[in-house]
Novice: 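Before anything else, here's the structure in question.
Bear in mind the structure is a predicted one, so any value in this text is a computation, not a measurement. Chain letters run A, B, ... following the sequence lines, proteins first, then strands; residues in each count from 1.
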Protein chains: 2
Amino acid sequence: MVVTLRDVARAAGVSPATASRALSAPDLVAPARREHVQQVARDLGYRPNRAARELITGRTGNLCLVVPDLENPFFAAVAKGVQARARALGFALLVADAEEDPRLESELVGHLGAQVDGVILCSPRMTDAELDRLGKDVLDDDVPLLLVNRLHSGLPSVVIDNADGIRQAVTHLYALGHRRIGYAGGPVGSWSDAQRRRGLEHASHGLRSIDVVDLGHFPPLFGGGVAAGDLVAASGVTAVLAHNDLLALGILSRLRARGVRVPEDVSVVGYDDIPAATLVSPALTTVTVPLARLGRAAVDLLIEAGSVPTATESALAAALTAAERTRHATPPITIGTTGAATAPPSVLIGVELVVRASTGVASAQSSEARG
Amino acid sequence: MVVTLRDVARAAGVSPATASRALSAPDLVAPARREHVQQVARDLGYRPNRAARELITGRTGNLCLVVPDLENPFFAAVAKGVQARARALGFALLVADAEEDPRLESELVGHLGAQVDGVILCSPRMTDAELDRLGKDVLDDDVPLLLVNRLHSGLPSVVIDNADGIRQAVTHLYALGHRRIGYAGGPVGSWSDAQRRRGLEHASHGLRSIDVVDLGHFPPLFGGGVAAGDLVAASGVTAVLAHNDLLALGILSRLRARGVRVPEDVSVVGYDDIPAATLVSPALTTVTVPLARLGRAAVDLLIEAGSVPTATESALAAALTAAERTRHATPPITIGTTGAATAPPSVLIGVELVVRASTGVASAQSSEARG
DNA sequence: TGCCATGCTGAAATCGCATTCATCCATCGA
DNA sequence: TCGATGGATGAATGCGATTTCAGCATGGCA
């Protein structure tokens, strides 16, 4: 029923060894014979058995992506980018949703890590200790692990320039006259939230008579923003920075419901620039992150840092996907690269503030209240 | 370095055959010996090699999901549901994004179908002929294919009750006094769009002096809705049904930009009830689809119809995931089941209109203009 | 007591492919 | 002309698990 390499060899009148070489190491076979075998393979509709190949080469041709929540537009975009790049390189992608659960994260990495050539762990909620354990005990030594949105010694990573994004946002608000700014943070364990807080502190140090109010931690979802909205209203700030757009949208909605005008009374800034940011009114001022590029960079760095041989499919498959392979070939622009020769490389993804309608000049009333 | 079954066997003082049985067919081994082997396996940290197992059993323990666009919140939600259910049943999930391209769809199913136990194809854009070819030539006979959001003879499927959703929406608008209703359709090849058009026609037949205006086909995205918005304004309808929420949101946005008030001047109804539907104002009246349930149903039906043995992991792994397996064990509520003994089963997922702020009583002005 | 059924166990075959090793032939240099 | 060289090929091996098949004991039954 199913065509095996033996069948091809028999039909082509060569040994299985030669057939194998003709398809996956073409230079080792005499040109005439090679082409003949390839033709026969095509005619018979031969498809190499991945399990058999994997068993002997140890490579699966699969990568794995673990995200906290597939439904979150931020992660959906990352997944889309990663998937596209992986496919362009000849890999299939296993996707897992960790449901914002640190324990589930390690479990998934453990399970899936055993059947892939590399793992991309996006915005892990787990602790550094657990992260350490992953690299050591859970994963095989030859399965590289790459982090997105998190730095950890010994692991390659792709991170967003959080500090710079926050800096741009704060500068923008400061220029509009805001002097008392709230920060609505993300989940407690979130590394990027910690980064942004640090960036916020650093940015505000350089500005005169600015006051930063920590509004606390919230789930990075619309619902979290609704809760945060009340704190915003109560805190007397004239502007608020949200950990991400979903949170910002929730704040926007709550403020509107309470009759607080945006941006007249309070300015709101998000982070990520998800599609929904332009759907609401006022449209959300936010920090835009090139998510597709981030996804590409993640795959490329994983392959490179882990020295994963890009799926050297059979000559057959290679020909099939050649066009495909170049379609997405735009190189990821790595804004910066840190790390010495020994340290694993990290790529820093630059971000950009995009000013829309949710930010405006600080209200006089609040300014007076302040003074 | 890596522990193999031989190692376990040697350490336990039994043959590889017995070790294998102790782990994956426990009843064939004497209790004492069985427990001993399992203990040794645990101590040694034995993890069965999936490739080797797959080679001989032919089962991979993977499922595959192909969607037109991972970033579309509708598909993201489906993917989340499918992933969760797959994992609960012990499967890993390969996810592929077809980029709304029918050709890419078949290519992906072909590539990935070779390395999974089943394929879920969501909202395929391909023609019926291509779909036929998939089942026959592209996929192995023992790899079941399930469709979501599409019916096709010979293939099991999970579909939304499009006709009923549209009927509910039309009835709602009719009750509000609307007599001239526009329909902004989805992509040309979309099966669900065809369904909804048919449902619309059917529903309107039953209502007196109602007038349905076909506004054409649009990409099922926000941008498509912006274009549709102008047609809505020009067509003189008092209400519009959009093929999905993204489209509806685009229409909403465009109408607002043109000074058309919603719902005072025009009522807008979406479909799907994506999260963003509640984020805008006026909040979108729409047809809510239980997407998580849909995802679950898809996996369950695929397993059942394709008689895919649920990954009978080794006793070891089974024990590990036992808790996990029950966590999501809520049975999918299949609203209805069609199909005779020979025809593959289909599950119909019921939907429900949720009325929000984007629909209201038909404006007197437009009513007069009509009369 | 003898024989068969039953229950466990181990040796060995197998899955499909890549790869090492040995072989063969042609070619080149001396 | 002969040996050396090297390129092309085939036979054989092994990856790690499952699964047949045969063997061995034990217990039941006549």
Novice: Verify the contact: side-chain N or O of A:Arg33 to OP1 or OP2 of D:dA8, cut-off strictly under 4.0 Å; return yes or no.
Specialist: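 Result: no.
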Novice: Send over the distance from B:Tyr46 OH to D:dA17 C1', rounded to a whole Å.
Specialist: 7 Å
Novice: Which sits closer to the 5' end of DNA chain C, A:Pro16 or A:Ala51, going by the nucleotide each is nearest to?
Specialist: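 Result: A:Ala51.
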Novice: For DNA chain C, note the earliest and the latest nucleotide, 5' to 3', having some atom under 4.0 Å of a heavy atom belonging to chain B.
Specialist: C:dC8 to C:dG16
Novice: Provide, to the nearest angstrom, the distance between the CG atom belonging to B:Leu23 and the C1' atom belonging to D:dT18.
Specialist: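 After rounding, the reported distance stands at 12 Å.
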Novice: At under 4.0 Å between heavy atoms, what does A:Ile56 touch on the DNA or RNA strands: base, sugar-phosphate, or nothing?
Specialist: base
Novice: Could you tell me whether the side chain of A:Asp117 and the main chain of A:Thr60 form a donor-acceptor pair under 3.5 Å?
Specialist: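 Judged by distance alone, yes, a pair lies under 3.5 Å.
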Novice: Relative to the 5' end of DNA chain C, which residue comes earlier, B:Asp27 or A:Ala17, by the nucleotide with the nearest heavy atom?
Specialist: B:Asp27
Novice: Between A:Asp97 and A:Glu99, is there a donor-acceptor pair closer than 3.5 Å when you use the side chain of the first and the backbone of the second?
Specialist: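 Present.
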Novice: When the C1' atoms of the five terminal pairs at each end define the local axes, what inter-axis angle does the helix from C:dT1-D:dA30 to C:dA30-D:dT1 show, to 10 degrees?
Specialist: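 Overall, the helix from C:dT1-D:dA30 to C:dA30-D:dT1 bends by 50° from one end axis to the other.
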Novice: Does B:Thr4 have a side-chain nitrogen or oxygen under 4.0 Å from the phosphate oxygens OP1 or OP2 of D:dA17?
Specialist: yes
Novice: Which of these nucleotides, D:dA8, D:dA11, D:dT19, is closest to any side-chain atom of A:Ala30?
Specialist: D:dA8
Novice: Quick check on D:dA17: is either OP1 or OP2 less than 4.0 Å from any side-chain nitrogen or oxygen of B:Ser24?
Specialist: no
Novice: In terms of the nearest nucleotide of DNA chain D, which residue is placed more toward the 5' end: A:Ala19 or B:Val3?
Specialist: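 Nearest-nucleotide comparison on DNA chain D picks A:Ala19.
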Novice: Would you say the side-chain atoms of A:Asp101 pair up with the backbone N or O of A:Arg103, donor to acceptor, closer than 3.5 Å?
Specialist: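 Here the side-chain-to-backbone pair exists.
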Novice: Once rounded to the nearest 0.5 Å, what's the spacing between atom CD1 of B:Ile120 and atom CG of B:Leu301?
Specialist: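 Answer for the CD1-CG pair, B:Ile120 versus B:Leu301, is 9.0 Å.
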Novice: Output, in order, the C-alpha distance, side-chain angles, deciding distance and verdict of side-chain contact (heavy atoms from CB on, under 4.5 Å) for B:Leu63 and B:Leu94.
Specialist: CA-CA 6 Å; B:Leu63 300 180; B:Leu94 290 165; over 6 Å; no
Novice: Can we say A:Asp69 and B:Lys80 salt-bridge, meaning some charged N sits less than 4.0 Å from an Asp/Glu carboxylate O?
Specialist: yes
Novice: Tell me, which pairs form a side-chain hydrogen bond (donor to acceptor under 3.5 Å, both in side chains) where one or both residues lie in residues 118-135 of chain A, sequence neighbours left out?
Specialist: A:Glu100-A:Arg125, A:Ser123-A:Asn149, A:Thr127-A:Glu130, A:Asp128-A:Arg150, A:Asp128-A:His152, A:Asp132-A:His152
Novice: Quick check against the 3.5 Å criterion: does B:Glu105 have a side-chain atom that pairs as donor or acceptor with the backbone of B:Met126?
Specialist: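 Pair found, side chain donor or acceptor close to backbone of B:Met126.
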Novice: Hey, does the side chain of B:Ser24 reach the backbone of B:Ser20 with a donor-acceptor pair shorter than 3.5 angstrom?
Specialist: yes
Novice: Could you check which of D:dT18, D:dG16, D:dG10 has an atom nearest any side-chain atom of B:Ala52?
Specialist: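 Looking only at heavy atoms from C-beta outward on B:Ala52, the closest nucleotide is D:dG16.
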